Amino acid sequence: MLLSMPRQQGSWTSQRELLAEAQRLLPQVLELAGFRAELKHDDGRPFFDALHVSGQSISVWVDAVPLPDGTVARTFINTTSEHYMVHASDRLPLDQLGRVLSQGAGEFLAGRERSSAGLAPVVRDMLQNGAELPSDAELSATDRGQIGQLNWLAQQLSDPSLPVEQRAGIRAELSGLIDRCGLRPTAALDESEAFAQSAMDARIRLGYARDHLSSDAERLTDDLAHPIEHLSPQDAAALHAFREAEALAAREVRTVLGGRVVSVALPEADAPASAMAETAEQEAAARSARSAATERQMRDEALWHGGRVEPRPVMIGGGAALTGRDEDMLLVDAVGRWHLDPGAGLVQSADQDRDLRRVGLDPYAVGGPTDRVSILATRAWEDRLAARGPLVDGYGQLALDKHGRLVTRIEPLSGGEPLTVEVAGTPVIATGLTPEVVPGVARDDNRRGVRGVESLGEAVRLLGERVPELRERLHEAERSGGGAAAVLRMLDEEAVRGRLGDSKTVQGETVDGIRQTLEATQKWEDARAAAPGRALMGDEVADNRFDPRAAQHWIIAGSGGTGVANAEIILEQNPDARVTILGGNTPPALNHQVQYREMTGDSSGYGDRLTIEQARLGAVETVPGPDGKQLFRVPFTDRDGNVTEVLADGYVASLGRTNPLPPVTRELADRVREAGGKVEGTLLFDEHQQYLGYGLTFPVDGKEHRVDVTGAASWQLPRQVFDQQTVGELNRMGVRQIPSESANAAPGFAPVAHQAAAFATARATDSVQRLPGVPERWVGPRPPAPETGTHGPAKAEAAPPVWQTGMPPGPSKGPAAARPVQAPAAGPAPEPPRPDKGLGM
């Protein structure tokens, strides 16, 4: 649902007031649709358990948040777990909230009905004044939402205690909505032919609407759905004022600064599912041809201009963020992620990703409403988007040339000689998910206020800051194989021990944490050397860089989306394999997704080949098996606090993601470090406070070089640039923006597609805002919850990110629970944030 912000004047209210009023009104809205709603709470978050007269039950959530483009509301439809959410704009006048909630309820109930019949949503709206009636006339979800508004306004008018002035206002609103829906003739009476056609169209629309109108709404519509010439003077005057306001709104056109418009939607229609494989091949061929032509053109330029290529705006990386690539921007993309993934596709259904239509991608064209979105579709979409402008399939690295200019060094996948292109303007980085963490490293402990050391690279940076004379040796060790062992040897040098002592290093990370991470990394390097091809990072599985038959019993460390998706890949590609997933509580979003329910349901077919156990893991080691083959010994602590271990011949680490600077900026960061400077960062928002990504500034030799990061990578703020408070606020904002009940998460494929499109629009209109932190409207107070509720006492803190484990899953319908080996009573400590592949990036 995307409605225009009402033009009626009203006082702005706080999010707290809006949510309190929404909780009061939503049961009334649902009652009009035949539902009895009961307010409940999950971890302090209010929702309604709604029971229909037919006996069917759904969960309905509501929140008030900043929304894009000044729209008043949007609706999430999750037909997999029967969770539905209406987001109202936090700038909505309070007196419009009932209409907005009615629109949202009408939309999600319409979507639910269509989906249960295996039908995609109706694309064309019928209830539009002046619009041509579609040949296959059916009511769309938007139409049903407008009928919901009519029912709501009619119910308000049925209140006998309503003051006369307020009654007149509501009657005027209802009459205006009837006009907007095309339920009355709008042509002049003296234009007989036009009037006859207009009257017939109005009767047809009204005939379709009657099945869903309440008795009060039907009576009032019959009373008001007449030509303006036949209305009472009061009704005619109100309608005249409404039409004047509508005409004025239609003339207001937003100007794009600089006369430049960026297209963020695809005009082409997607092929039907039966032809998707052929379409994907065609789009891939067109992409390859475009890449070859661009590479050829740039080499010709260099030949004619003494080796220099004309400066160009540059985007490095792609994926779902390609919805926001400017058509004149040089794209440098290594064709990763969904082009490599051997899985079935996104973990969401078409219903769950239905709003992809807003950016030109139609999930319903490639499968059923409750089917997972095909991986062939994601590849075809990305290839089509990539080929819309200049493109080189390859790897890009930002650097400074000898004149101090920002350039991109490109290594084409074609194998040709590297290219160097000067960057015009601010480059955009969309390189996707950040690297994964090694098992056993020192993670953040928020309860003790201790910051961890999440990677070898971070350990090197921290040691270099404390002992500057070691920097060159440290970075050389990091770049070489077996780097952790070399750094550990430095850590044990007497001079270094003397410099470090047992104090804390620069940012509060302890020396013990650095040592723990180095030792865990060395164990991981040793395990990979002892069992080649059987000790893997989760991304190696997701990118199909492994042999699923190299082991018969695989342990997957990490129960988040990446771990679950990797388990599916292994089980599908090796029918003889067993998989044991070890990790904390599954992220709430998984319980609402199609993939997880299919894998853990009784009809999955995996049986005892898949087990899931909640546990806290230690570092991985290898031990000789009975036949001399190296096995992986994984110590873990279960929910009861018992320490035990498990042996397997294959190990996949899917424990979460690190928060480094984007690798493509490494040379820039090194130049800043060598000069003793500091990389600065800001958060990027548009004028409607939609998060676009983050910006980095690299000061070198008196110049400031700016880089913008968007897409999945932008949800993992670099630890060396942003403080923990900002990181936490961004995570909490992501949860409110894309709630787990939607089956998605902020770094997911569909949310990233919307984020990138909004970024393109903001760049085109020069409206990108660079802020030091998250705006107050996103971190403002949530409504007070009762002291006790369905899930016990309310908690003051906002929910952690949906990709973080350790949070109990929200209420859900259906057999979502996995089959654990044991069912202990208490959960382990949460694992760190991880925007992972299982969430549909």
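Because the structure is predicted, anything quoted here is derived from the model rather than measured.
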Nearest-0.5 Å distance that lies between atom CG in L647 and atom CD in E621: 11.0 Å

Test applied, side-chain contact (heavy atoms from CB on, under 4.5 Å); reference residue, S654; option that passes from L536, I581, T562, V541: T562

Side-chain touch V314/L398, heavy atoms, less than 4.5 angstrom: no

Do F76 and N744 come close enough that some side-chain heavy atom pair is under 4.5 Å? no

Please examine the side chains of V652 and I570, heavy atoms only from C-beta on, and report whether any two atoms are closer than 4.5 Å. yes

How far apart are the C-alpha atoms of S740 and H83, what are their side-chain angles, what is the distance that settles it, and do they pass the side-chain contact (heavy atoms from CB on, under 4.5 Å) test? CA-CA 10 Å; S740 61; H83 283 255; over 6 Å; no

Go through D576 and Q552 one step at a time and tell me if the side-chain contact (heavy atoms from CB on, under 4.5 Å) criterion holds. CA-CA 7 Å; D576 299 322; Q552 295 304 102; 3.3 Å; yes

Working to the nearest 0.5 angstrom, can you tell me the gap between E458 CD and N659 CG? 8.5 Å

Separation of T408 OG1 from I316 CD1 (nearest 0.5 Å): 4.5 Å

Quickly, which of Q630, R633, K629 forms a side-chain contact (heavy atoms from CB on, under 4.5 Å) with T622? Name it, please. Q630

Under 3.5 Å, side chain of E295 to main-chain N/O of P412, donor-acceptor pair present? no

Counting N and O atoms only, with roles assigned by atom type, does the side chain of D341 sit under 3.5 Å from a partner on the main chain of G343, one being a donor and the other an acceptor? yes

side-chain hydrogen bond (donor to acceptor under 3.5 Å, both in side chains), paired with D333, selected from H339, R287, R325: R287

How long is the straight-line distance from OG of S115 back to CZ of R354, given to the nearest 0.5 Å? 11.0 Å

Taking A615's backbone N and O only, do any of them form a donor-acceptor pair with D638's side chain (distance below 3.5 Å, no angle check)? no

Evaluate the side-chain proximity of V646 to E613: yes if any heavy-atom separation is below 4.5 Å, no if none is. no

Side-chain heavy-atom pair Y691, S714 within 4.5 angstrom cut-off: yes

Is atom CZ of F546 surrounded by more than 12 heavy atoms (other residues, nucleotides or ligands) closer than 6.0 Å? yes

Does Y596 form a side chain to side chain donor-acceptor pair (under 3.5 Å) with E568? I'd like the steps, not just the answer. CA-CA 9 Å; Y596 188 68; E568 181 188 45; over 6 Å; no

Is any side-chain heavy atom of D608 closer than 4.5 Å to a side-chain heavy atom of R578? no

Less than 4.5 Å apart, any side-chain heavy atom of W715 and any of R657? no

Side-chain contact test, heavy atoms from C-beta onward, threshold under 4.5 Å: evaluate it for F759 versus D708 and give yes or no. yes

Can you check side-chain contact (heavy atoms from CB on, under 4.5 Å) on L322 and L331, steps first, answer last? CA-CA 9 Å; L322 288 172; L331 173 65; 3.5 Å; yes

Side chains of H592 and S742 only: does a donor on one sit below 3.5 Å from an acceptor on the other? no

Distance, nearest 0.5 Å, that separates OG of S374 from CH2 of W381: 8.5 Å

Check this for me: Q573, atom CD, are more than 12 non-hydrogen atoms of other residues, nucleotides or ligands nearer than 6.0 Å? yes

Could you give the distance from CG (L340) to CD1 (I375), rounded to the nearest 0.5 Å? 9.0 Å

Side-chain donor or acceptor of Q397 paired with backbone N/O of V664 under 3.5 Å: yes

